[in-house]
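All remarks here apply to the structure that follows.
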Amino acid sequence: MTIQPLIVKILTMSINIQFFASLREQIGKSQITLPYDAPLDVINVWAQATGDTAMPSNTLCAINMEYVKPNAVVKDGDEIAFFPPVTGG
Amino acid sequence: MTIQPLIVKILTMSINIQFFASLREQIGKSQITLPYDAPLDVINVWAQATGDTAMPSNTLCAINMEYVKPNAVVKDGDEIAFFPPVTGG
Amino acid sequence: MPAILLDRAFNPWDEIQDFQTNTLRPGQFGATASFVGSMRDFNINESVTHMTLEHYPAMTQHFLDTLCERCKQKFTLDECLVVHRFGDIQPGEPIVLTAAWSAHRADAFNACRFLMEELKAHAPFWKKEVTDAGERWVHNDQKPVNS
Amino acid sequence: MPAILLDRAFNPWDEIQDFQTNTLRPGQFGATASFVGSMRDFNINESVTHMTLEHYPAMTQHFLDTLCERCKQKFTLDECLVVHRFGDIQPGEPIVLTAAWSAHRADAFNACRFLMEELKAHAPFWKKEVTDAGERWVHNDQKPVNS
């Protein structure tokens, strides 16, 4: 069996996913590395990372430390974070 | 010559007048004790204490440590203060 | 006594800490807002060397005591504090401190600012700047050392 | 660096004084506004013994650094400071400090409050209360230790 060079390239794309606070406890993971092969938005990332668990409506999303909306598209190497409403200060 | 008891009583009424800051310097006095014999309001007090000098329009007045308007009436023993706009803090 | 008049330089952070330690229990309050006004070393005219702060002692104390009481009635507070200098003040030195302790930040912020705004508008203090050319009374529209 | 994350207890008045001494010249500023949020020892439920503050370290630092920059652009300031705890916090301990130095009091007050309101609304911290019965995440509508 031979592997196509194009497919090898696509399979090397991946993102780093982080969960915090109550979401981290609900998901049961704090960090996942997700390889992917087609354009993904944040809501797709959540679905793939959580096995299609429903995202709580008040979930906040960030890409590379900046808040984004769930329809934001990720790119290779991004860090995607999911967390509940913040309660600092 | 005999002095009427009634007149003796009236002449014992007096107020203590204080000037502060630029008003103190303009008047040339910081404190005056003013005997008086008829009801006085604050504007009369200023006139009697300063020899009918015009009161600067932004002058503030207090009776017994409380701000009052120039038409407030003084009573025996009061402390009347005149001062320019405040600049503390 | 939450309103303190001082004729000497003071460290506002030490005053806050001492007052808090002596008056409040740690854990009693969740929010502390404070303000410090101090003498700048530049002004309309560069030649201001120092400042004299005249006041009407009995009325100042009465005004600030009453202000603290009004503040405690107006806002939900654990405590509030006002410290104000009088006499000679050097550039860089603190002139006034206001502080408020509350369960919630909105009351602490609003009370601290209320104390300062009322004090600036009505407390019987008068600033005189001393310059190389002599002395001059500060007027409100000059916004001299802080505003 | 005006945004500091700490995993240990801190004295906010020492932090303000140290920052001021190291960063600003006395006489440069006329107005200093500060706010301290601390953990109250009573809450909805009396049995809260302590608190754990989780955060998203890289994003927290980035958010607070950017917040300080935004604050300096929005207001006329000499400097501003944010200090925030994470990890285990005991009742009575300070959690957060915001401070702003300006020529004028309105900018100092407004900047200090802007820092706190933005931080409360958006900085990625999460409080978990530890009670006799176990642990529970704090929700915004509980207004737990300060608000």
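Lettering follows sequence order; numbering is per chain, from 1. Computation of the quantities below employed the complete heavy-atom set of this structure, encompassing side-chain atoms and omitting hydrogens, waters and symmetry-equivalent molecules.
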(request) List the atom of D/Q28, the atom of C/R40, and the distance in Å for their closest heavy-atom pair. (result) O-CD, 4.0 Å
(message) Heavy-atom pairs under 4.5 Å with chain D - which of C/A33, C/A99, C/S34 has more of them than the others?
(response) C/S34
(request) Identify which part of D/N11 has an atom lying under 4.5 Å from any heavy atom of chain C, answering side chain, backbone, both or neither. (result) side chain
(request) First locate atom CZ of D/R113, then atom CZ of C/F109, and finally report the distance between them rounded to the nearest 0.5 Å. (result) 6.0 Å
(request) Side-chain contact test, heavy atoms from C-beta onward, threshold under 4.5 Å: evaluate it for C/C112 versus D/F35 and give yes or no. (result) no
(request) Using a 4.5 Å cut-off on heavy atoms from C-beta on, say whether the side chain of D/K120 contacts that of C/R105. (result) yes
(message) As an exercise: rank D/Q17, D/R25, D/E93, D/Q90 by heavy-atom pairs under 4.5 Å with chain C and give me the winner.
(response) D/Q17
(message) For chain C, which candidate among D/G92, D/G27, D/P26 shows the most heavy-atom pairs at distances under 4.5 Å?
(response) D/G27
(message) Can you tell me which portion of D/E15 sits under 4.5 Å from chain C's heavy atoms? Options are side chain, backbone, both or neither.
(response) neither
